[in-house]
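Down below is the structure, laid out as structure tokens.
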Amino acid sequence: MARIEVRDLRVNLGGRTVLRDVDLSVADGELVYLLGRNGAGKSTLLRSLCGMVTPAGGSIRIDGRVGMHLGADAVHPGHTARRHLRWFAAATGTRADRVDAVLAQTGVDAYGDRRIGGFSLGMRQRLGIATALLPDADALVFDEPLNGLDVEGILWFRQLLTDLTRQGRAVVVASHLLSEVERSADRIVVVDRQRTTPAVPVAEFVGTHPDLEAAYLAALSPEAAA
Ligand SMILES: Nc1ncnc2c1ncn2[C@@H]1O[C@H](COP(=O)(O)OP(=O)(O)OP(=O)(O)O)[C@@H](O)[C@H]1O
């Protein structure tokens with residue numbers, strides 16, 4: 001049984017269907033990237049995995065804990081990074097000593113006692129990544145974690161994803177950065193017209209196209225009909 005199992009998922013938001021017929025399985029040690037246009041439904045799928053959106057149909061099963069980073073702004077600006085993580089640890093029943101560990105792991109320890117309201121986007125992304133790492137989870141979900149990271153941060157995050165999957169964790173990431181997807185995805189899913197394509201390995205997805213970008217563009221529905 002896969003760590004993450006989504007079957008026939010349907011999600012309605014604001015009176016309209018955002019996702020339908022979504023199936024997705026992610027095994028331990030696997031990194032699946034979600035691609036798709038702005039507004040396609042990637043965040044909605046990730047939020048559904050995390051139990052933050054109630055599906056209108058279908059099922060979602062995740063075996064074990066989920067670590068989540070669903071956006072750089074899901075924090076109280078008046079708190080320090082350390083206080084945010086302590087609060088989050090208490091709220092999720094996580095051992096308090098993991099706060100210092102993830103602060104160091106993500107580099108947030110350099111500004112851990114500053115208020116989040118004064119953080120740059122990259123600093124907030126790192127804090128979000130720290131929050132996802134905090135529960136030492138079996139499954140991890142990251143929504144556009146690369147936006148705002150500097151070059152060293154992007155390299156660091158790529159290595160982090162490799163480490164997380166080598167440790168046997170199931171990881172799902174939404175991103176528009178095809179260069180990163182190409183480098184590290186095990187499988188790719190495109191969210192388009194409320195549906196998802198089957199999760200396939202990068203080489204299979206690219207097929208006879210010259211590169212991932214060409215394959216991705218070919219996989220999209222015509223924009224006018226989206
Ligand atoms: N709370 C909400 N109420 C109503 N509609 C919503 C809500 N949240 C999202 N939507 C709609 O659901 C659709 C999917 O949005 P979602 O944020 O999942 O897209 P996305 O693929 O993550 O986009 P992006 O690449 O821009 O981050 C959009 O049409 C959006 O307007």
Side-chain angles (χ1 to χ4, degrees), residues 4-26 31-60 62 66-76 120-129 131-132 139-149 153-154 157-158 161 170-185 187-200 202 205 212-226:
I4 300 172
E5 284 280 1
V6 178
R7 297 254 171 86
D8 204 19
L9 178 70
R10 184 186 188 94
V11 177
N12 299 334
L13 292 175
R16 64 185 194 91
T17 299
V18 174
L19 292 172
R20 69 174 85 208
D21 308 327
V22 172
D23 292 305
L24 177 67
S25 298
V26 186
L31 171 57
V32 172
Y33 262 97
L34 303 184
L35 307 181
R37 291 186 175 111
N38 293 137
K42 302 176 297 298
S43 298
T44 302
L45 177 51
L46 295 183
R47 293 171 73 83
S48 303
L49 292 179
C50 298
M52 298 178 72
V53 168
T54 307
S59 64
I60 297 172
I62 301 186
V66 187
M68 60 187 89
H69 170 34
L70 295 173
D73 294 319
V75 287
H76 188 305
S120 70
L121 173 58
M123 291 159 82
R124 281 183 277 126
Q125 287 286 24
R126 283 174 181 267
L127 176 59
I129 295 165
T131 310
L140 290 109
V141 165
F142 297 97
D143 196 356
E144 299 190 25
L146 295 154
N147 298 354
L149 287 186
I154 290 171
F157 187 72
R158 194 188 301 157
L161 291 178
V171 184
V172 185
V173 183
S175 179
H176 298 290
L177 295 184
L178 296 184
S179 57
E180 286 310 305
V181 176
E182 196 153 32
R183 279 188 169 99
S184 56
R187 292 190 296 150
I188 293 176
V189 171
V190 178
V191 185
D192 186 42
R193 275 195 189 176
Q194 304 156 354
R195 292 182 164 82
T196 49
T197 59
V200 294
V202 180
F205 185 85
L212 177 60
E213 184 178 89
Y216 167 70
L217 292 172
L220 292 176
S221 57
E223 196 148 13

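Counting convention: from 1, in listed order, for ligands and their atoms alike.
- When non-hydrogen atoms are compared, ligand 1 lies under 4.0 Å from the backbone of Asn38 as well as from its side chain.
- We find that Asp143 and Lys42 are not joined by a salt bridge, their nearest charged nitrogen and carboxylate oxygen being 4.0 Å or further apart.
- Across every non-hydrogen atom of Leu161 and Ser184, the tightest pair is CD1-OG, 4.4 Å.
- In terms of modelled atom types and a separation under 3.5 Å, the side chain of Gln125 and the main chain of Glu144 share a donor-acceptor contact.
- In this view, Asp21 and Arg195 satisfy the salt bridge (charged side-chain N to carboxylate O under 4.0 Å, His left out) rule, not counting sequence neighbours.
- Residue contact check for ligand 1: His176 places a non-hydrogen atom closer than 4.0 Å to it.
- Scanning all protein heavy atoms for the shortest distance to atom 27 (O) of ligand 1 gives Glu144 OE2, 3.2 Å.
- Set against the non-hydrogen atoms of Gly14, the atoms of ligand 1 under 4.0 Å away are 4 (C).
- The shortest N/O to N/O separation between Val18 and ligand 1 does not fall below 3.5 Å.
- Annotation: atom 23 (O) of ligand 1 to nearest protein heavy atom, Gly39 N, 2.7 Å.
- For atom 1 (N) of ligand 1, the protein comes within 4.0 Å by no heavy atom at all.
- If you check which protein heavy atom lies closest to atom 16 (P) of ligand 1, you get Thr44 OG1, 3.7 Å.
- The shortest contact between atom 30 (C) of ligand 1 and any protein heavy atom is with Arg16 NH2, 4.2 Å.
- Taking each of Leu45, Leu19, Leu13 in turn, the one with a heavy atom nearest to atom 10 (N) of ligand 1 proves to be Leu13.
- Where the criterion is an N or O separation shorter than 3.5 Å, residue side chain and backbone included, Ala40 meets it with respect to ligand 1.
- Taking a 6.0 Å sphere around CZ of Arg7, one finds it holds 12 or fewer heavy atoms contributed by other residues, nucleotides or ligands.
- The protein non-hydrogen atom at the shortest distance from atom 25 (O) of ligand 1 is Lys42 NZ, 2.8 Å.
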